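Bear in mind that the values here come from a model prediction, so they are computed numbers and not experimental data.
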Amino acid sequence: MTGEGVAVTGLGVISSIGNTVEENLQALQAGKHGLSRIANFPTRLQEHIWVGEIKSSNDELSDNLELLPPHAFTRTALLGAYAARQALKSANVDDVNQIRTGFLSSTSVGGMDYTERYGPTYLTSSEWRRYIPSHPAGDSSHKIAKYLGIKGLVTTVSTACSSAANAIMMGARLIRSGRLDRVIVGGTDALSKFTINGFHTLMILSDAPCRPFDKHRNGLNLGEGAAYLVLESQKTVKQQSKNVLAYLTGYGNANDAFHQTASSENGEGAFLAMQKALAVAQLRPQEIDYVNVHGTATPNNDLSEGRAMRRIFKNKTPSFSSTKPFTGHTLAAAGAIEAVYSILALQQDLVFPNLHFDTPMEEFDMIPQTTVQYRSTSHVLSNSFGFGGNCSSLIFSKA
């Protein structure tokens, strides 16, 4: 028996496997990943790593959004505006300020992609100085909100790779507490040298397409993208006869404060986040039909998450898979992109494949779903775990 959830009435996503929700679904069903060598900017690691890169240029994204130059939208802001506009259209929202509406966005990279490109010339070339205020994480949120015409609450969440999941959770709490009637929630991150070099320094980038939960996994593939959900109150849904795509019934956040980048060996933060989400949703572990795992394919993450799942589900782990081999790890956007995928799993009654899996891990006998599986799906758990031990879990339930 679930508690009353918060209605999801709109979805928008852009990733390396598609520019729309439908394109993303088709790629997931076909097992077609979006990993490639990086092409949008030069890097000395170009031939050594695989990334989930969106092949649209910044100029093409600007034209699609009908932004007139000179503007100061970074790639992070462009991707976010693209996905958020899609989400509002999906929710059939004509007047965004008709009811109390907020915008909660998340990012890790912020405007770093433009700072690293033009920063050295800020003192000598006035042409690029308009991008100086675009560096902070909150700038993209305000630009996207202004683009959408939102006049209510605008705020930014930046908790590493759990950012978008936390934005979704915060949006649901704002609705449940009666502070807002509708919140557009999600996240956006662009690829940059900053993140590529940073993860390379940590020695967790794979030189091949990643293989989560495989014995021979050797690291992640970075990606870029954006996704947003439109959350609305039950009152608004009834008054406006809105079509509900799914319900966000559970959410939980915990921090095991174990290490700056590594997860604890027994997955304490992940365990507590899942436990809290189940409690909020008033669900038993055996009622979860599918887990979209964080599944970064790093030795530490998959072992830690697997142990946490064993603690939650005992010996009856539901079907699970990581969709990061499709998109790459999109950092702050991952929780929102995978929330969209979780809702698609509910709508289509399917479980997505965990690509490239071959050999089970030695530490436990948990084997991810390796092919598309069509089966009745009522409740999906989506995990997003960030650096600094910031762990978040969301539960979506069929409308």
Side-chain angles (χ1 to χ4, degrees), residues 161-162 165 204 210-220 249-259 261-325 329 334-335 338 341-342 345 351-371 373 375 377-387 389-396:
C161 309
S162 61
I204 54 174
C210 68
R211 42 174 65 197
F213 283 84
D214 190 282
K215 176 184 175 181
H216 304 295
R217 68 197 184 281
N218 67 342
L220 57 83
T249 50
Y251 41 78
N253 171 268
N255 195 316
D256 56 20
F258 172 73
H259 186 268
T261 58
S263 305
S264 58
E265 284 198 15
N266 67 347
E268 185 68 16
F271 169 78
L272 291 171
M274 289 187 277
Q275 189 180 57
K276 288 180 181 181
L278 286 163
V280 170
Q282 297 176 31
L283 285 170
R284 300 185 304 275
Q286 58 264 37
E287 291 177 276
I288 298 295
D289 300 300
Y290 167 49
V291 183
N292 185 298
V293 292
H294 187 54
T296 59
T298 59
N300 169 255
N301 176 92
D302 293 4
L303 181 59
S304 176
E305 184 173 11
R307 283 177 171 157
M309 286 169 63
R310 288 300 295 268
R311 291 172 67 188
I312 288 287
F313 297 109
K314 311 303 181 195
N315 293 321
K316 294 184 179 178
T317 305
S319 295
F320 72 94
S321 66
S322 170
T323 46
K324 287 181 174 69
H329 187 358
E338 289 162 29
Y341 295 170
S342 297
V351 173
F352 302 118
N354 191 108
L355 300 180
H356 315 308
F357 178 84
D358 182 53
T359 310
M361 292 167 60
E362 292 174 346
E363 292 85 356
F364 41 65
D365 58 359
M366 291 169 56
I367 297 176
Q369 182 66 33
T370 57
T371 58
Q373 181 186 39
R375 45 163 295 181
T377 309
S378 298
H379 305 288
V380 175
L381 172 69
S382 184
N383 285 335
S384 296
F385 307 141
F387 283 171
N390 201 309
C391 301
S392 297
S393 296
L394 305 172
I395 295 175
F396 294 95

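Rounded to the nearest 0.5 angstrom, I288 CD1 and K316 NZ are separated by 15.0 Å. Taking NE2 from H216 and OG1 from T359, the interatomic distance works out to 4.0 Å, rounded to the nearest 0.5 Å. Distance CG/N383 to SG/C391: 8.5 Å, rounded to 0.5 Å. Note that the CD1 atom of I367 and the CZ atom of F320 stand 8.0 Å from one another [nearest 0.5 Å].
Between the side chain of E305 and the backbone N or O of G295, at least one donor-acceptor pair lies under 3.5 Å. Checking side-chain atoms of S162 against main-chain N and O of N390 turns up a donor-acceptor pair under 3.5 Å.
Looking at every heavy atom in both residues, F357 comes nearest to P212 through CD1-O, 3.8 Å. M366 and G306 get closest at one heavy-atom pair: SD-O, 3.5 Å. Between A165 and L394, the shortest heavy-atom contact is O-CD2, 3.7 Å. Closest heavy-atom contact between A270 and A308: CB-CB, 3.7 Å. Heavy-atom minimum distance, M361 versus F213: CG-O, 3.4 Å. The two residues S382 and S342 have their closest heavy-atom pair at CB-OG, 3.5 Å.
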Q: List the steps and the verdict of side-chain contact (heavy atoms from CB on, under 4.5 Å) for D214 and H356.
A: CA-CA 8 Å; D214 190 282; H356 315 308; over 6 Å; no
Q: Mind running side-chain contact (heavy atoms from CB on, under 4.5 Å) on I395 and V380 for me, showing each step along the way?
A: CA-CA 6 Å; I395 295 175; V380 175; over 6 Å; no
Q: Give the intermediate values and the outcome of side-chain contact (heavy atoms from CB on, under 4.5 Å) for residues L272 and Q275.
A: CA-CA 5 Å; L272 291 171; Q275 189 180 57; 3.8 Å; yes
Q: For K276 and S393, run side-chain contact (heavy atoms from CB on, under 4.5 Å): C-alpha distance rounded to whole Å, both residues' side-chain angles, the deciding distance at 0.1 Å, then the answer.
A: CA-CA 8 Å; K276 288 180 181 181; S393 296; over 6 Å; no
Q.
Could you walk me through whether D289 and T377 satisfy the side chain to side chain donor-acceptor pair (under 3.5 Å) test, starting with their C-alpha distance in whole Å, then the side-chain angles of each, then the deciding distance to 0.1 Å, before giving a yes or no?
A. CA-CA 6 Å; D289 300 300; T377 309; 5.6 Å; no
Q) Could you walk me through whether N218 and R211 pass the side chain to side chain donor-acceptor pair (under 3.5 Å) check? A) CA-CA 8 Å; N218 67 342; R211 42 174 65 197; over 6 Å; no
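With contacts defined as side-chain heavy-atom distances shorter than 4.5 Å, the pair S304/F385 does not qualify. Side-chain contact between N292 and Y341: present, with at least one pair of heavy atoms (C-beta onward) separated by less than 4.5 Å. M274 is listed as a side-chain neighbour of L381, based on a closest heavy-atom distance under 4.5 Å. For the pair F396 and H379, the minimum side-chain heavy-atom distance is 4.5 Å or more.
Side-chain contact annotation: S321 with Y290, donor-acceptor N/O pair under 3.5 Å present. Counted by atom type alone, T296 and R217 present zero donor-acceptor pairs between their side chains at under 3.5 Å. Neither side chain, T370 nor N354, offers a donor N or O lying under 3.5 Å from an acceptor on the other. Side chain to side chain, S392 and N253 meet the donor-acceptor criterion of an N or O pair below 3.5 Å.
A salt bridge links D365 to R310: one of the charged nitrogens lies within less than 4.0 Å of a carboxylate oxygen. Look at E338 and K324 and you find a salt bridge, because one of the NZ, NE, NH1 or NH2 atoms lies within 4.0 Å of a carboxylate O, short of that distance.
Other residues, nucleotides and ligands contribute over 12 non-hydrogen atoms within 6.0 Å of the CD atom of Q286.
Aromatic pair H294/H329: ring centres closer than 6.0 Å.
Within the cation-pi definition used here (under 6.0 Å to the ring centroid, within 45° of the axis), R311 qualifies as a partner of F271.
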